[in-house]
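Each chain gets a letter, A, B and so on, in the order its sequence line appears, and its residues count up from 1. Computed from heavy atoms alone, side chains included, the values below leave out hydrogens, waters and symmetry copies.
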Protein chains: 2
Amino acid sequence: MQNSEAMALSAALLAVAGGLTQRIHEGVLARGFEGVRPAHGFAFARLAPDGATVTDLAAHLGVTKQAASQLVDEMVRKGYAERRPHPEDARARLVVLTERGWACTRAAEEAAAEAVREWGALLGEREVRSLGRQLLRIAPHGPIRPAW
Amino acid sequence: MQNSEAMALSAALLAVAGGLTQRIHEGVLARGFEGVRPAHGFAFARLAPDGATVTDLAAHLGVTKQAASQLVDEMVRKGYAERRPHPEDARARLVVLTERGWACTRAAEEAAAEAVREWGALLGEREVRSLGRQLLRIAPHGPIRPAW
DNA sequence: ACTATATAGTCAAGCTACTTGACCACTTGG
DNA sequence: CCAAGTGGTCAAGTAGCTTGACTATATAGT
């Protein structure tokens, strides 16, 4: 494969990712959750199952723990998350989603599903599933970098 | 397709895009081009064929023309681009890549090709081409948003 | 041809999300 | 039980964006 082909593939991938991010963002806003930025989505994803510490979150997002702490401040202030004492480590705090945080997560899922459905209309359901499988196989495991 | 599946697909897509961005960025740095940020790559792509005005660039990147102008300042200062008088409009300036700018663009292409080759090792060349075709078909046409 | 409005670009100031550095509280290992 | 390590926050600085104001040139209307 030539370099220019690889570049075209890369450009398409980044364009699709950028468009998807914006679609999800708009969809979340349209569902009444204000003051949420795309970066929060990645935090929500990490907090969703059982909560996480600020340090976990920082590693997941690939930022400093100070930045992660500020992000949590903001999410707490806006009612999406709360800090609880950590059950096993008195230094740490467990950050968990509030009911509003869960609702926002569901809104993001709906918005994502909406965008993906449009891909289904263009490519067919079968191709979209194939796309998903391929992406899962090449997805990196390290921290997610929400900012370029 | 369920919402959770769409979310898994979206997460994989964003993770791949983030990883690719970082890989290209590192590859460009490793080839000796310092002080370049991922956002510059999108500017390079717009300038590459025949140059562009600051206003074109701003629309392409989805930022204000002031921000685009600052980006161009930086690229000029670092030797990647230069401003020329516009041949048809005395108000405008045509921003074009310097030789160093072209070299940096080629370095980015090489880095992208390197990353895509690794996908080829995982999925097979055939599947990677299929991935590229699918992505091209669902890629949005509007401005590219380099920041989430 | 002349005026009015629109467009290309820059300068200046402000905002915001991040960074680095310093510090305290608690935990862990010799 | 003390030394080093880890979780978290406070404070200050930075970089990349924004909004607002302005100049120079172009374009359209009469």
Evaluate the criterion side chain to side chain contact (heavy atoms under 4.5 Å, CB included) for residue pair B:L13 and A:L20; output intermediate values, then yes/no. CA-CA 9 Å; B:L13 175 61; A:L20 175 63; 3.7 Å; yes
Is the shortest distance from a Lys or Arg side-chain nitrogen in [X] or [Y] to a carboxylate oxygen in the other one below 4.0 Å?
X      : Y      : result
A:R23  : A:E118 : yes
A:E74  : A:R37  : yes
A:E114 : A:R31  : yes

Where along nucleotides 25-30 of chain C does protein come under 4.0 Å, by heavy atom, of base (B) or sugar-phosphate alone (S), with - for untouched nucleotides? BBS---
Of all residues at least two apart in sequence or in a different chain, which pass the ring-ring contact (aromatic ring centres under 6.0 Å, His included) check with B:F33? none
Of all of residues 64-74 of chain B, which get a heavy atom below 4.0 angstrom from DNA chain D, listed by number? B:T64, B:Q66, B:A67, B:Q70
Taking DNA chain D as the partner, which of residues 44-57 of chain A come within under 4.0 angstrom of it by heavy atom? A:T53, A:V54, A:T55
Please lay out, stage by stage, how A:I138 and B:L131 fare under the test side chain to side chain contact (heavy atoms under 4.5 Å, CB included). CA-CA 11 Å; A:I138 60 179; B:L131 183 66; 4.0 Å; yes
Atom [atom1] of [X] and atom [atom2] of [N]: how far apart are they, to the nearest Å?
X     : N      : atom1 : atom2 : value
A:H40 : C:dC18 : NE2   : C1'   : 13 Å
A:R37 : D:dC17 : CZ    : C1'   : 13 Å
B:R93 : C:dG9  : CZ    : P     : 9 Å
B:H86 : D:dA24 : NE2   : C1'   : 16 Å

Not counting sequence neighbours, which residues clear salt bridge (charged side-chain N to carboxylate O under 4.0 Å, His left out) with [X]? List them please.
X      : answer
A:R117 : none
B:K65  : none
A:R84  : A:E82

Sequence neighbours excluded, every pair satisfying salt bridge (Lys or Arg N to Asp or Glu O under 4.0 Å) that has a member inside residues 39-51 of chain A: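 The answer is A:R46-A:D56.
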Who pairs with [X] by side-chain hydrogen bond (donor to acceptor under 3.5 Å, both in side chains), at least two apart in sequence or on another chain?
X      : result
B:R93  : none
A:E99  : A:R106
B:E125 : B:R129

Using rotation axes that map the C1' atoms of four end pairs onto the next four (five pairs an end), what angle separates the end axes of the helix from C:dA1-D:dT30 to C:dG30-D:dC1, to 10°?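 The value is 30°.
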